[in-house]
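Lettering follows sequence order; numbering is per chain, from 1.
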Number of protein chains: 2
Amino acid sequence: MAKYKKRERQELLIEKVSTDPFLTDERLSEMFEVSIQTIRLDRLELNIPELRERIKHVAREETDKIRSLSLQEVVGEIIDIELNHHALSLFIVEEGHVFRKNQIARGHYLFAQANSLCVAVIDEPLALTKSAQIEFIKPAKLGDKVISKAVVEKMEGRIAAITVESKIEQRLVFKGRFEMYYTGEGEKNG
Amino acid sequence: MAKYKKRERQELLIEKVSTDPFLTDERLSEMFEVSIQTIRLDRLELNIPELRERIKHVAREETDKIRSLSLQEVVGEIIDIELNHHALSLFIVEEGHVFRKNQIARGHYLFAQANSLCVAVIDEPLALTKSAQIEFIKPAKLGDKVISKAVVEKMEGRIAAITVESKIEQRLVFKGRFEMYYTGEGEKNG
DNA sequence: CTGATGTTAGTACCAACTACTAAATGAGGT
DNA sequence: ACCTCATTTAGTAGTTGGTACTAACATCAG
């Protein structure tokens, strides 16, 4: 028997549609070997919108993501800043940031938070990282809220020295010392 | 006169549609105060597909992006590896990786390439970054192909020392020394 | 005034639906 | 075997946002 019972079919339908939102009722009716009307009834019962609405939804969602991605110029959200002095940012560890195995955040995200905070705190048109000494003291896990604080120690001869400390619930998880290279507007070299 | 000439209108149309792909011909015809037919003719001449096709396109494009984002587990593509000894990876600098202003790659992408290479080269179930000293010698720019080489210097007492050098066309742009913490399977501690 | 260019109007048709009515088919329970 | 309720299928009318096509205006330039 190729056909499923109502319950089974509806469960599979949810799965099918959520993995591939581009399926028409016709294609679905072929897949489950039932009539189009049955599929429509199922969608009605399950509150699954029609193809076009599903696509529209995906498209909208994703255009939003693009916006937030280009905002993600800075990793983490800056919550306090006094230019050339100090800055604070918050970074929440999400699914994309962790090793699946153990839910520990990849080191380079903590680094990225610190690094982009350093770029942000310097009030000059160009600021590039020159060097860094960093330490990962404790792993950050999925869901953790990491607060990073950057303090500019000195700025001299186009080089700024910045120390960064990142904490989760007051506990130090990361620290680093960054040297940033910066220049004013007209200036440029290699 | 609220109405535009054909040329102007068509240019604006392209802009409108590309910034908001969700506009129907009807809405557009209202915006430009012309008939729907005129809009349709314009789209025909400009090869702009209809609303539904535009949305579908956006949706598809973005579902692809999600896939490639989750693939971005490792930054850069590993091109050679001998576990616990050395590894090589290639990272091509793309639009998302650079400052828009000057097309220079954000430092944390170079770091991420090096860091994930260090994670990859260690043949143990768990490998976390403990510390790093890094130097950014020359900026990497949009389109650059960065080859990163990690060499394991020693592995002792759950700590591995690894040196990384990243080059663009034989020229050193980044180097670093990483300390990685690792453990075998059953083991675990905070 | 005449043509070319541009703009509108209108028709037939399409995909992928919704909303609704009605008939056919099960599958169970007694 | 018969009745019943759930399920499935069929079919119609109407919707949105179009394509494709024909035909009738407008407008302006030479």
Side-chain angles (χ1 to χ4, degrees), chain A residues 1-70, chain B residues 1-70:
Chain A
M1 165 162 108
K3 297 199 184 192
Y4 302 94
K5 291 188 183 154
K6 192 177 177 181
R7 267 303 284 267
E8 285 179 287
R9 191 189 54 229
Q10 294 197 340
E11 275 168 35
L12 283 170
L13 186 76
I14 291 172
E15 213 191 291
K16 278 280 164 205
V17 169
S18 61
T19 57
D20 183 359
F22 299 91
L23 291 165
T24 63
D25 287 358
E26 197 180 1
R27 286 285 298 118
L28 288 163
S29 79
E30 286 162 13
M31 294 169 83
F32 290 108
E33 296 178 70
V34 293
S35 69
I36 283 195
Q37 276 75 1
T38 303
I39 297 293
R40 311 245 223 243
L41 268 177
D42 285 348
R43 279 199 301 99
L44 199 73
E45 284 175 22
L46 300 169
N47 274 317
I48 298 173
E50 63 162 296
L51 170 77
R52 289 154 182 169
E53 291 306 314
R54 294 194 304 263
I55 293 178
K56 207 185 288 177
H57 191 79
V58 172
R60 272 199 217 285
E61 219 170 48
E62 304 310 332
T63 45
D64 288 353
K65 250 178 218 163
I66 290 174
R67 258 168 239 151
S68 68
L69 254 175
S70 62
Chain B
M1 164 163 109
K3 298 199 181 191
Y4 302 94
K5 292 188 183 154
K6 191 176 178 181
R7 267 303 283 268
E8 284 178 289
R9 190 189 56 227
Q10 294 198 340
E11 276 169 34
L12 283 169
L13 186 76
I14 290 172
E15 213 191 290
K16 278 280 166 207
V17 169
S18 61
T19 58
D20 183 359
F22 298 92
L23 291 165
T24 63
D25 287 358
E26 197 179 2
R27 286 285 298 115
L28 289 164
S29 79
E30 286 163 13
M31 295 171 83
F32 291 108
E33 296 179 67
V34 293
S35 70
I36 283 195
Q37 275 75 2
T38 303
I39 297 293
R40 310 244 224 243
L41 269 177
D42 286 347
R43 279 200 300 100
L44 199 73
E45 283 175 25
L46 299 169
N47 275 316
I48 297 172
E50 63 163 294
L51 171 78
R52 288 154 183 170
E53 291 306 313
R54 294 196 301 265
I55 293 179
K56 206 184 291 179
H57 191 78
V58 172
R60 271 198 217 286
E61 218 170 48
E62 304 312 331
T63 45
D64 288 353
K65 250 179 217 161
I66 290 173
R67 258 169 241 148
S68 70
L69 255 173
S70 62

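Not one N or O on the side chain of R9(B) forms a donor-acceptor pair closer than 3.5 Å with the backbone of F32(B).
Rounded to whole Å, the distance from CZ on F32(A) to P on dT9(D) is 13 Å. Counting to the nearest Å, the C1' atom of dA6(D) and the CZ atom of R7(A) are 15 Å from each other.
Cation-pi geometry between R60(B) and F22(A) is met: the NZ or CZ atom falls under 6.0 Å from the ring centre, inside 45° of the normal.
Within a 6.0 Å sphere centred on CD of E45(A), other residues, nucleotides and ligands contribute more than 12 heavy atoms.
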Encode nucleotides 5-24 of chain C as B, S and - characters from 5' to 3', where the letter depends on protein heavy atoms closer than 4.0 Å: B to the base, S only to sugar-phosphate, - to neither. -SBBBB----BBBB------
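For the pair V17(B)/L28(B), a side-chain contact is recorded, criterion being any heavy-atom separation below 4.5 Å from C-beta on.
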Verify salt bridge (charged side-chain N to carboxylate O under 4.0 Å, His left out) between E30(A) and R27(A), making sure each step is shown before the conclusion. CA-CA 5 Å; E30(A) 286 162 13; R27(A) 286 285 298 118; 3.1 Å; yes
